Protein chains: 2
Amino acid sequence: MDAFSSSEEKIFKAAIDLFCENGFDGTKMQAIADKAGISKASLHYYFRSKDRLFKKVVQNLLSMLITNVTGEIKEDTCIEELLQKLISGYFDMFRKFRKQTFFVFAELVKHQKLLADIIQGIDKIAVIQEILLRLQKEREKGTIIAIAPEDLIINIIAMCIYPLMAEPMIKLIMSMSDNEFEQLLNRRKQVVTDFTLRAILVRS
Amino acid sequence: MDAFSSSEEKIFKAAIDLFCENGFDGTKMQAIADKAGISKASLHYYFRSKDRLFKKVVQNLLSMLITNVTGEIKEDTCIEELLQKLISGYFDMFRKFRKQTFFVFAELVKHQKLLADIIQGIDKIAVIQEILLRLQKEREKGTIIAIAPEDLIINIIAMCIYPLMAEPMIKLIMSMSDNEFEQLLNRRKQVVTDFTLRAILVRS
DNA sequence: ATACAGTTTGACCAAACGGTCAGACCAATG
DNA sequence: CATTGGTCTGACCGTTTGGTCAAACTGTAT
């Protein structure tokens with residue numbers, strides 16, 4: 001009677017995969033059961049309804065995405081290194097959990113009512129707050145220009161996340177091949193870091 | 001026997017609204033019929049199947065979004081004004097057609113197979129090409145730093161579009177109220193313009 | 001009036017959907 | 001061996017889904 005028996009785990013993993021791939025409405029309970037290798041009735045045995053299963057999946061992914069950005073940002077690292085690590089961390093995570101990220105974004109917009117319920121199950125948003133504070137300090141120190149930390153972080157996340165979410169659009173509009181696009185992604189961390197540092201660093 | 005009879009138009013508009021709101025799987029034919037004020041059978045009379053109707057909707061929106069960014073970019077405007085107008089244009093459009101943009105992004109990722117069919121029905125992607133060329137020129141002139149025009153445009157679009165698509169996430173992570181977020185959106189054009197110009201302008 | 005092509009619909013269909021339930025299965029305990 | 005409690009399922013249910021079709025309804029030209 002573990003919190004995660006083998007079957008429950010298999011179901012949950014299958015549900016994550018399929019929900020991320022096809023969204024809430026596009027995912028059928030039978031498909032989850034098939035992928036998990038159990039009967040549809042067992043689904044309802046472990047998770048009472050589709051909505052409950054869905055909510056748990058979203059909660060799990062959101063929590064994972066938020067807490068995953070944490071770590072290794074010490075107080076004594078200079079602003080350049082801080083931003084570089086931040087960008088690198090965000091980009092790698094978004095690239096690794098591409099579909100999951102897009103899924104959470106999309107479904108959170110559609111089912112805004114669920115958000116209130118989901119928030120309570122999530123622990124740490126403190127990491128971001130920490131970074132916001134550090135940026136505020138740097139600004140007072142005069143190493144970076146006057147910019148609201150929120151604006152700066154949004155800019156950074158935007159530049160990291162957008163190419164990953166907009167791949168088909170970018171390829172279409174820019175007439176890019178798969179190869180060219182992959183090159184673009186590979187140089188992306190450097191591009192965003194340079195761009196950001198040039199934008200906010202106060203030069204002597 | 002117009003290309004758009006009154007009924008056909010009503011159906012198409014209803015379809016756009018509902019598809020944008022609920023996605024492909026979340027939109028039911030009966031709901032479209034109800035919203036258009038006609039019978040479900042009439043839907044199939046004008047558009048043979050749900051897939052065909054869906055494809056036409058995506059095609060129409062994608063074409064609209066792409067061609068809508070055009071206009072008023074003359075050759076003699078300086079780089080600062082060019083970027084400011086570009087950012088302003090993108091941001092206003094994305095803000096105006098927020099749901100449509102998100103919808104096209106999401107469904108284009110899911111149904112990547114349809115993209116090949118859809119591309120053929122779209123005329124002008126030339127506007128972007130024009131801007132890419134102009135940026136290349138400025139770079140050679142030495143007014144802006146060495147950055148691939150594609151990277152620059154992606155950065156700009158990213159910073160414009162991301163806050164609009166990630167509203168719930170941002171509010172959650174940054175602990176923002178509706179009011180604070182609206183303020184953030186209102187200053188966004190200025191923020192992105194300043195940020196971008198500082199990042200790419202060669203200073204004397 | 002009649003004929004005709006385009007439009008619109010109620011009634012209908014097979015398939016798929018989320019969900020239920022009685023009962024089979026299976027270890028572990030007495 | 002018998003009982004018990006958790007696990008698992010085939011069969012089933014009511015509803016909803018995308019799609020069809022013959023028939024009714026328009027207006028217009030003959």
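Sequence lines set the chain letters: A, B, ... in the order given, protein chains first and strands last, and positions in each chain run from 1. Here the structure is a predicted model, which means the values were calculated and not measured.
Helical stems involving DNA chain D, defined as 3 or more consecutive Watson-Crick or G-U pairs under 3.5 Å, span C:1-30 with D:1-30.
The stretch residues 53-66 of chain B participates, sequence neighbours left out, in these salt bridge (Lys or Arg N to Asp or Glu O under 4.0 Å) pairs: Lys55(B)-Asp117(B). Among pairs with a residue in residues 102-111 of chain B, none fulfils salt bridge (Lys or Arg N to Asp or Glu O under 4.0 Å), at least two apart in sequence or across chains. Within the structure, salt bridge (Lys or Arg N to Asp or Glu O under 4.0 Å) pairs that include any residue of residues 13-30 of chain A comprise Asp17(A)-Lys35(A), Glu21(A)-Lys99(A) (at least two apart or interchain).
Judged as a side-chain contact (heavy atoms from CB on, under 4.5 Å), and not counting sequence neighbours, the contacts of Asn22(B) are Leu18(B), Thr27(B). Take Asn179(A) and apply the side-chain contact (heavy atoms from CB on, under 4.5 Å) test, not counting sequence neighbours, and it matches Ser177(A). Qualifying side-chain contact (heavy atoms from CB on, under 4.5 Å) partners for Glu167(B), counting only residues two or more places apart in sequence or in other chains: Arg98(B), Lys171(B), Phe181(B). Evaluation of the salt bridge (Lys or Arg N to Asp or Glu O under 4.0 Å) rule for Lys113(A) yields no partner, not counting sequence neighbours. The side-chain contact (heavy atoms from CB on, under 4.5 Å) search around Ala148(A) returns Glu150(A), Asp151(A), Arg187(B), not counting sequence neighbours.
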Side chains of residues 193-200 of chain A: which donor-acceptor pairs under 3.5 Å do they make with residues two or more places apart or in other chains?
from: Thr193(A); atom 1: OG1; to: Lys189(A); atom 2: O; distance (Å): 2.7
from: Asp194(A); atom 1: OD1; to: Gln190(A); atom 2: NE2; distance (Å): 3.1
from: Thr196(A); atom 1: OG1; to: Val192(A); atom 2: O; distance (Å): 2.7
from: Arg198(A); atom 1: NE; to: Ala199(B); atom 2: O; distance (Å): 2.6
from: Arg198(A); atom 1: NH2; to: Leu201(B); atom 2: O; distance (Å): 2.8

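When rounded to the nearest whole Å, the span between CG of Asn22(A) and P of dC17(C) equals 12 Å. Put simply, NE2 on His44(B) is 17 Å from P on dT7(C), counting in whole angstrom units. Rounded to whole Å, the distance from NZ on Lys50(B) to P on dA16(C) is 15 Å. The interatomic distance linking Tyr46(A) (OH) with dG18(C) (P) rounds to 20 Å, in whole Å. Rounded to a whole Å, the CG atom of Leu53(B) is 16 Å from the C1' atom of dT17(D). In this structure, Arg52(A) atom CZ and dG18(C) atom P are separated by 17 Å, rounded to whole Å.
Taking the six-membered ring where tryptophan is involved, the planes of Phe24(A) and His111(A) are perpendicular, since the angle between them exceeds 60° and thus also 30°.
A sub-4.0 Å separation between OP1 or OP2 of dC8(D) and a side-chain N or O of Ser7(A) is present.
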Return the polar atom pairs (N/O with N/O) between nucleotides 9-13 of chain D and the protein under 3.5 Å, or none.
from: dT9(D); atom 1: OP2; to: Ser39(A); atom 2: N; distance (Å): 2.9
from: dT9(D); atom 1: OP2; to: Ser39(A); atom 2: OG; distance (Å): 3.3
from: dT9(D); atom 1: OP2; to: Ser42(A); atom 2: OG; distance (Å): 3.0

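Less than 4.0 Å separates DNA chain C from at least one heavy atom of each of the following residues of residues 25-34 of chain A: Thr27(A), Lys28(A), Met29(A).
Residues Phe91(B) and Met159(B) have side chains not in contact (no heavy-atom distance under 4.5 Å, counting atoms from C-beta outward).
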